[in-house]
**Q** 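Can you keep this structure in mind? I'll have questions shortly.
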Amino acid sequence: MNSRLTRDVFRDPLVQDEVPYGVLAPDGHGGALPLIVVLHGANSSSDFLAMLQPIAEALWADGTLSPSLIACASTPTAGGFYIDRPGNAWESLIATAFPRLLEKEHGADPDRVALMGASMGGYGALKIAFADPARWLAVAAVAPALLPAPAPEDLRPRNTLDVLGRLGREMAAEGDGYAANSVLHRLRGNADAVRAAGLPILLRCGDQDVFALHDGSEQLHRALWDLDIGHDYHLVHGGDHLGPEAVASQRAALAFVGAAQRRAAGEDRTDADRELEAAWRDWAAAGRQGAPPRLDAFGVSAPTAVRAMLAPELAEASRRDPTTARRYGILPRG
């Protein structure tokens, strides 16, 4: 499927200078399209969309990704970092003003907006998503720039290479300080809302990331587990920050958003699947009497079927162990 990449600039009172941006869209699709806001990494720009273009075209062509607008605004690294500061509120610009512009000027659907970011952009995407989780269709963060320390003075040299040291200093200096600009602190402070929203979350990072960003990704994964918040977590063996993993991760992130788009639109299952799921629920509600419905072991109804068959055992386990109701278990320490 062919696409078009357009470039423009806009101004907004939230920041001092004009902001270049790009929009990637599939050819031949009109009306309001779902929006994917892409947050680029450090020392990059909206030109990042040119790299995404062939990946998106392939995913549009095979149906993995719904026809969508994919947009990216150029933001600074130093003095930016998707952090709000007086006169240059970059987090607010990307979270609010940029989607509004895309709705007004490009016909984006404001009710179907996903966030996706890599490195510095992964940090910004997660921070924005966790602030208002019910607003977003999904968030996909690739090698996010997450600093695994409760305070900047606790950061180790392995986690502060290149611009990461400056990120820690700017997180501490701007707004309400380091904790307010920390993805982990924001998650913990808003965990109930994130869990209730059922926000689809993807974390992906190579385990040989030269900037050791897998440290912060692992820390966030463990926090999501402990808080019982569902998420996908891909720790890629041998993956580094750049190279083949940088391309594979973008493909995985767009595919993850595509799956969230299909679920939101009810396109993740057929009417026959829904009927079979309903039959299993009815069978369980009627006391599991008579012959059970057909088991489609590899279909989307299978999880509903297994839970219906195990209902008495699950109920007894829940009576004896309240953690049975959790998505993730409480794991023993040590």
Side-chain angles (χ1 to χ4, degrees), residues 12 14-16 19 37-44 73-99 115-133 135-136 139-194 197 199 201 203 205 209 211-224 227 229 231:
D12 190 273
L14 287 168
V15 298
Q16 294 176 357
V19 181
V37 176
V38 174
L39 285 67
H40 64 75
N43 302 315
S44 185
S74 294
T75 66
T77 299
F81 286 121
Y82 304 106
I83 291 173
D84 280 353
R85 50 181 57 75
N88 280 302
W90 290 105
E91 178 182 344
S92 293
L93 181 90
I94 298 302
T96 59
F98 190 43
L115 295 165
M116 174 176 150
S119 195
M120 179 183 84
Y123 158 77
L126 289 166
K127 192 166 59 142
I128 290 169
F130 292 162
D132 190 3
R135 184 178 159 210
W136 309 103
V139 58
V142 170
L146 306 177
L147 304 183
E153 59 269 21
D154 299 318
L155 285 165
R156 293 177 295 179
R158 71 178 265 129
N159 301 120
T160 53
L161 294 174
D162 198 54
V163 299
L164 294 175
R166 181 155 189 166
L167 170 60
R169 294 191 295 273
E170 292 199 21
M171 286 171 61
E174 303 296 344
D176 294 324
Y178 184 87
N181 287 310
S182 161
V183 168
L184 186 62
H185 286 77
R186 188 167 294 188
L187 170 67
R188 287 175 171 158
N190 210 23
D192 289 343
V194 176
L199 173 70
I201 301 165
L203 296 177
C205 193
D209 189 287
F211 298 105
L213 295 177
H214 46 297
D215 291 1
S217 295
E218 176 69 20
Q219 183 185 49
L220 185 62
H221 158 62
R222 295 184 188 188
L224 288 163
L227 292 166
I229 295 171
H231 60 288

**Q** Quick one, M171 and I83 - any side-chain contact, counting heavy atoms below 4.5 Å?
**A**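 Yes, their side chains come closer than 4.5 Å.
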
**Q** Do H40 and T75 pass the side-chain contact (heavy atoms from CB on, under 4.5 Å) test, and can you show the C-alpha distance, the side-chain angles, and the key distance before you say yes or no?
**A** CA-CA 8 Å; H40 64 75; T75 66; 3.5 Å; yes

**Q** Hey, does R158 have a side-chain heavy atom less than 4.5 Å from the side chain of D215?
**A** yes

**Q** Test your reading of the model: is there a side-chain donor-acceptor pair from D84 to the backbone of S92, 3.5 Å cut-off?
**A** yes

**Q** Quick check: does any side chain N or O of N159 sit under 3.5 Å from a backbone N or O of L155, one acting as donor and the other as acceptor?
**A**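 A pair under 3.5 Å: no.
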
**Q** Under the side-chain contact (heavy atoms from CB on, under 4.5 Å) rule, what do W90 and V19 come out as? Steps first, then yes or no, please.
**A** CA-CA 11 Å; W90 290 105; V19 181; 4.1 Å; yes

**Q** Can you give me the closest heavy-atom contact between L213 and L164, atom names plus distance?
**A** CD2-CD1, 3.9 Å

**Q** Could you tell me whether the side chain of S119 and the main chain of A145 form a donor-acceptor pair under 3.5 Å?
**A**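 Judged by distance alone, no pair lies under 3.5 Å.
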
**Q** CG/L184 to CG/L220 distance, rounded to the nearest 0.5 angstrom?
**A**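 Spacing of CG (L184) from CG (L220) equals 6.5 Å.
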
**Q** Answer yes or no: is there a donor N or O on one side and an acceptor on the other, between the side chain of E170 and the main chain of G79, under 3.5 Å?
**A** yes

**Q** As an exercise, state the distance from CD1 of I128 to CG of L39, rounded to the nearest 0.5 Å.
**A**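 Going from the CD1 atom of I128 to the CG atom of L39 covers 5.0 Å.
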
**Q** Kindly give the heavy-atom pair with the smallest separation between A172 and P152, and that separation in Å.
**A**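 For A172 and P152, the tightest heavy-atom pair comes out as CB-CG, 3.8 Å.
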
**Q** Testing the basics here: between A143 and D209, what is the closest heavy-atom pair and its distance to 0.1 Å?
**A** CB-OD2, 3.8 Å

**Q** What distance do T160 atom OG1 and F211 atom CZ have between them, rounded to the nearest 0.5 Å?
**A**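 Rounded to the nearest 0.5 Å, the OG1-CZ separation comes to 11.5 Å.
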
**Q** Please tell me if the side chains of N181 and Y82 come closer than 4.5 Å, counting only heavy atoms from C-beta onward.
**A**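 They are not in side-chain contact.
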
**Q** Assess whether salt bridge (Lys or Arg N to Asp or Glu O under 4.0 Å) is satisfied between E91 and R186, documenting all intermediate values.
**A** CA-CA 14 Å; E91 178 182 344; R186 188 167 294 188; 2.6 Å; yes

**Q** Can you name the nearest heavy-atom pair linking L199 to A129, along with the distance?
**A**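 Taking L199 first and A129 second, the nearest heavy atoms are CD2-CB, 4.0 Å.
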
**Q** To the nearest 0.5 Å, how far apart are CG in L224 and CD in Q219?
**A** 11.0 Å

**Q** Could you tell me which non-hydrogen atom of T96 sits nearest to which non-hydrogen atom of R135, and how far apart they are?
**A** CA-NH2, 4.0 Å

**Q** Checking the side chain of N88 only, and the main-chain atoms of Q16 only, is there a donor and an acceptor separated by less than 3.5 Å?
**A** yes

**Q** Using the rule given for side-chain contact (heavy atoms from CB on, under 4.5 Å), can you reason through L126 versus L146, listing the C-alpha separation, both sets of side-chain angles and the distance that settles it, and then say yes or no?
**A** CA-CA 10 Å; L126 289 166; L146 306 177; 4.2 Å; yes

**Q** Quick check: are there more than 12 heavy atoms from other residues, nucleotides or ligands sitting under 6.0 Å from CZ of R222?
**A** no

**Q** For the pair V194 and L227, evaluate side-chain contact (heavy atoms from CB on, under 4.5 Å) and give the outcome as yes or no after the intermediate values.
**A** CA-CA 10 Å; V194 176; L227 292 166; over 6 Å; no

**Q** Would you indicate whether the side-chain heavy atoms of N190 and D132 approach each other to under 4.5 Å?
**A** no

**Q** Are any of the side-chain heavy atoms of V142 and C205 separated by less than 4.5 Å?
**A** no

**Q** Nearest 0.5 Å, what's the OG-CG distance between S182 and L147?
**A** 8.0 Å

**Q** Please round to the nearest 0.5 Å and tell me the distance separating atom CG of L203 and atom NE2 of H214.
**A**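 Rounded to the nearest 0.5 Å, the CG-NE2 separation comes out at 14.0 Å.
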
**Q** Heavy-atom count check: over 12 atoms from other residues, nucleotides or ligands less than 6.0 Å from R188 CZ?
**A**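 No.
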
**Q** Which pair of heavy atoms, one from L167 and one from Y123, lies closest together, and at what distance?
**A**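 Result for this residue pair: CD1-CE2, 4.1 Å.
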
